[in-house]
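First comes the structure, then the notes that go with it.
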Amino acid sequence: MPETATNTETKRVVLGSGENYLKEVDGVIDTSDVDALITTYFTADNLWGDTKNGAQLTYTPTTYTVNDDLGRVTETFLTKEDVKLAMGLVRLNDKILLPLMETARTATSKESGRTIIKVGGIANATGKSYFVGFKHLDAKRGDIYVMIIGKNDGELQLAFNPESETILNPSFVAGAMDNDGTKVIIVIDKPKGATE
């Protein structure tokens, strides 16, 4: 008797890495159709580097608890939500670097054709936001998609080491994806071969 989707999903263990996706967006997006989000943003054109050390989604709620003087009333209110998506990247080029530094701009040397990246000057801040996605690949249990819209607030370190590769570790802070204030969307595919 084949396992149902529900039975298989409750036993799921997540192991392995995946792929990073990034695309510049202007403001909020339509999040009503997650299938359309996946086909629109998780494309070969939006693949962003190659993953090293996977990715990590962090959701941090901030709460305020009210207690009365006699200990009869205790009520906790959600006051703030912070969402970050951190990832590791093992490639280095201008397409990878520009979204990591808000004041970065690029040019090409006229004589040599070299790529030039200049960084700095608050007046050069672009204000750009990005759709940032991570696709955990699992051919048996089904893929998992994580999506936010945000900006990198992680520091950029370029370590040139003769004994290990240079790894970039951006950390994107999520803003509102839509007019409802959605900060993250997680989509879990059904296991392959599972039935309803």
For the residue pair F131 and Y41, does the interplanar ring angle fall in the parallel (under 30°), tilted (30 to 60°) or perpendicular (over 60°) class?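 Rings of F131 and Y41: parallel, as their planes differ by under 30°.
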What do you reckon, are the aromatic ring centroids of Y21 and F134 less than 6.0 Å apart?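 No, too far apart.
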Under a single-linkage definition using a 4.5 Å side-chain heavy-atom cutoff for Ile, Leu, Val, Met, Phe, Trp and Tyr, are I144 and F172 assigned to the same hydrophobic cluster?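 Same hydrophobic cluster.
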Gap between atom [atom2] of [Y] and atom [atom1] of [X] - 0.5 Å precision:
X    : Y    : atom1 : atom2 : result
M147 : M177 : CE    : CE    : 7.0 Å
E102 : I122 : CD    : CD1   : 8.5 Å
W48  : I96  : CH2   : CD1   : 6.0 Å
Q56  : K84  : CD    : NZ    : 11.0 Å
I149 : E24  : CD1   : CD    : 11.5 Å
T62  : L78  : OG1   : CG    : 8.0 Å

Within a radius of less than 6.0 Å around [atom1] of [X], do more than 12 heavy atoms belonging to other residues, nucleotides or ligands occur?
X    : atom1 : result
L158 : CG    : yes
K118 : NZ    : no
N179 : CG    : no
R105 : CZ    : yes
N93  : CG    : yes

Taking 4.0 angstrom as the limit, do K128 and D26 come out as a salt bridge?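 Between D26 and K128 there is no salt bridge, as every charged N stays at least 4.0 Å from the carboxylate O atoms.
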Can any side-chain N or O of T43 pair as donor or acceptor with the backbone N or O of T39 at less than 3.5 Å?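 Answer holds: no.
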Side-chain heavy-atom pair P61, K80 within 4.5 angstrom cut-off: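 When only atoms from C-beta onward are counted, K80 and P61 do not touch, as no gap falls below 4.5 Å.
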